Each structure stands twice: as structure tokens, then as C-alpha cells.
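Structure first, then comments.
None of the values given here were measured: they were computed from a predicted structure.
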Amino acid sequence: MIQSVSDDSILITLGDHIDPTLTPRIAQVCSIIEATCTPWLVDIIPSYTTILVVYDPLQVDFRRAESTLSKLVRATTPFTSDDSPAPHAPKTHDIPVYYSDESGPDLQRIADMHNLRVQEVIDRHCGTTYQVYALGFMPGFGFLGSVDEQIATPRLETPRSRVPSGSVGIANQQTAIYPAVSPGGWNLIGRSPTRMFDPETLSLLKVGDRVTFHSVSRVEYLALGGEL
């Protein structure tokens, strides 16, 4: 479904629930839109089941933008031409995390809540390969899913006013890394030295990428550039 949501944006809906098989198609559609609609494309924002396309109304009107997008969406089910732009090639990012009470103030509470040892929480968090479903909230913030059911934990009832950069959190079935200092309501279990956003190279993660985590010691975390 394609619909207008403002004077300069169109929402493309490709599904009605979170589905890991839908993410590659969303990445494909984004790729072909970026390659085809450059003259009037202002921004493209993918999410779990939708893509928001922001366009320049001085360059294209809604009818033509809608018609173009409809054709491009149909062309990705499946690609019907050898000349179709190649989608973003998914990458796998292995990200180090220092898990501890010092770097993850909610780690012990999550363990207690689920009747697990702290090491079991760490092992379960590291034992999953996550998919990047969406980017948002702030530049470089990737929504990753899905965490092991045994450590899925609701958001905090009262968000923190300041979450340190690099903090790794859990919110329900999702996990994420805070790219910068900000308020936040996710349960913090550790901290990563990996830079998630750079003004020149932009977001480290792309929709469709995969992420794994591995545990590092305090010494290793600091040696990799982490801060406490």
C-alpha cells in the first residue's frame, strides 16, 4: 500500500507485522528508490514494515511520485530486470561489549528477574545473530532483533535522563547500542567501544545487516577506546 502522509512524503507499507524475511525486501526497495529517484528524492526512512519517502514537491508532484514508487515496488517482487539496481549487500558486524555492573547498571536486575546468572544473560545476548530491522531515534541507532526470550525485558517505567554513548540495551525483544549520549528507557547491560555513527561515513549499520556481540574485559574495552 502506498499513501500520502504529508505534502512532501509518501508511506510505502510492505507488511503488517515484524518479519525477518521482509527486511531484505525493504532494503531492496530502498536501494532501487535511491538509485532511480535521485532528482527529487530528499530522504528515505525504512522501518520494520514501512518505508517513508520524502520528496521535493518543487521537482515532482504526488501523482508522479506515487506512480513511480508503485512501479519500483512491483519490480522488487521479484526483480524483473537484469538492469535493476543491486540492493545493499548485507554485512555482519561483530561488536565487542564490556558487560558488567559498572557498564550495565541493569544487568544484575535482568538476571534476577529471569532467574538467571549474570553470565547466562551475557551468554544469551552474545549467542544470537541479530538483524537490523530499522534505524531511528538518533543517527546510527539500529533496532536489532530478536533477543533470546529468556532475557527479553520491558522498557524502564521511568527513562534515564542520560544514557552514556556506547551503552548496550534491551527493550522487550529488541537490543540496540546508543550511538551518543541521550535520554533513554532501555535496560542497560553493557557498553561497546564501537563507533556507531560518524558524520562522514554516517551509520555503521544498514537495514538488513546482521550483528553479533562478543564479550570483552574491562582492560580490552578501554584499550579499544571505550570510556567509563
Worksheet item: How far does CD1 of Ile189 sit from CD1 of Ile170, to the nearest 0.5 angstrom?
Response: 4.0 Å

Discussion item. With a sphere of 6.0 Å drawn around CD of Gln3, does it hold more than 12 non-hydrogen atoms of other residues, nucleotides or ligands?
Written reply: yes

Practice prompt. Identify whether Ile12 and Val54 are in the same connected component of the hydrophobic contact network (ILVMFWY, side-chain heavy atoms under 4.5 Å).
Written response: no

Practice prompt. For the pair Ser4 (side chain) and Ile10 (backbone), establish whether a donor and an acceptor sit closer than 3.5 Å, ignoring hydrogens and angles.
Written response: no

Item to complete: Enter the distance from Asp94:CG to Arg210:CZ here, rounded to the nearest 0.5 Å.
Response: 14.5 Å

Worksheet entry | Heavy-atom check, side chain of Leu144 versus side chain of Leu205, under 4.5 Å | yes

Worksheet entry | Shortest non-hydrogen contact between Ile44 and Cys30, atoms and distance | CD1-CA, 3.6 Å

Fill in: Asp106 side, atom CG; Asp112 side, atom CG - distance, nearest 0.5 Å
11.5 Å

Item to complete: Evaluate the side chain to side chain contact (heavy atoms under 4.5 Å, CB included) criterion for residues Thr49 and Leu14: first the C-alpha distance (whole Å), next the side-chain angles of each, then the deciding distance (0.1 Å), finally the verdict.
Response: CA-CA 6 Å; Thr49 60; Leu14 298 175; 5.9 Å; no

Worksheet entry | Sequence-distant partners of Arg64, salt bridge (charged side-chain N to carboxylate O under 4.0 Å, His left out), two or more places apart | none

Worksheet item: Okay, side chain of Ser70, backbone of Glu66: is any donor-acceptor separation there less than 3.5 Å?
Response: yes

Worksheet item: Does any N or O in the side chain of Ser103 come within less than 3.5 Å of the main-chain N or O of Tyr98, such that one atom is a donor and the other an acceptor?
Response: yes

Worksheet item: When rounded to the nearest 0.5 angstrom, what distance separates CG in Leu135 from CD1 in Ile45?
Response: 10.5 Å

Worksheet item: Using the benzene-type ring in the case of Trp, are the ring centres of Tyr130 and His125 under 6.0 Å apart?
Response: yes

Practice prompt. Assess whether side chain to side chain contact (heavy atoms under 4.5 Å, CB included) is satisfied between Ser100 and Tyr221, documenting all intermediate values.
Written response: CA-CA 11 Å; Ser100 70; Tyr221 168 76; over 6 Å; no

Item to complete: Give a yes or no answer on whether the side chain of Arg124 reaches the backbone of Val147 with a donor-acceptor pair at less than 3.5 Å.
Response: no

Discussion item. For Lys206 and Asp209: C-alpha separation, side-chain torsions, deciding distance, then whether salt bridge (charged side-chain N to carboxylate O under 4.0 Å, His left out) applies.
Written reply: CA-CA 6 Å; Lys206 306 293 184 185; Asp209 282 359; over 6 Å; no

Worksheet entry | Any donor-acceptor N/O pair, Ser165 side chain to Pro179 backbone, under 3.5 Å | yes

Discussion item. Could you check whether atom CG of Asp7 has more than 12 heavy atoms from other residues, nucleotides or ligands sitting under 6.0 Å from it?
Written reply: no

Worksheet item: Is any side-chain heavy atom of Arg160 closer than 4.5 Å to a side-chain heavy atom of Leu188?
Response: yes

Fill in: Minimum heavy-atom distance Tyr178-Gly185, with the two atoms named
OH-N, 3.7 Å

Worksheet item: Are any side-chain N or O atoms of Ser192 and backbone N or O atoms of Pro96, one a donor and one an acceptor, separated by less than 3.5 Å?
Response: yes

Worksheet item: Rounded to the nearest 0.5 Å, what separation is found between the CG atom of Asp16 and the CG atom of Leu22?
Response: 9.5 Å

Response to the item:
d(Thr50 OG1, Met1 CE) to nearest 0.5 Å is 10.0 Å

Worksheet item: Counting N and O atoms only, with roles assigned by atom type, does the side chain of Thr38 sit under 3.5 Å from a partner on the main chain of Glu34, one being a donor and the other an acceptor?
Response: yes

Worksheet, complete the sentence: Sorted by chain and number, sequence neighbours left out, ring-ring contact (aromatic ring centres under 6.0 Å, His included) with Phe137 holds for Phe141

Item to complete: For Tyr55, enumerate each residue passing the ring-ring contact (aromatic ring centres under 6.0 Å, His included) test, keeping only those at least two apart in sequence or located in another chain.
Response: none

Worksheet item: What are the two closest non-hydrogen atoms of Arg191 and Ser167, and how far apart are they?
Response: CG-N, 3.7 Å

Worksheet entry | Test item: Ser9 side-chain N/O and Val5 main-chain N/O as donor-acceptor pair under 3.5 Å | no

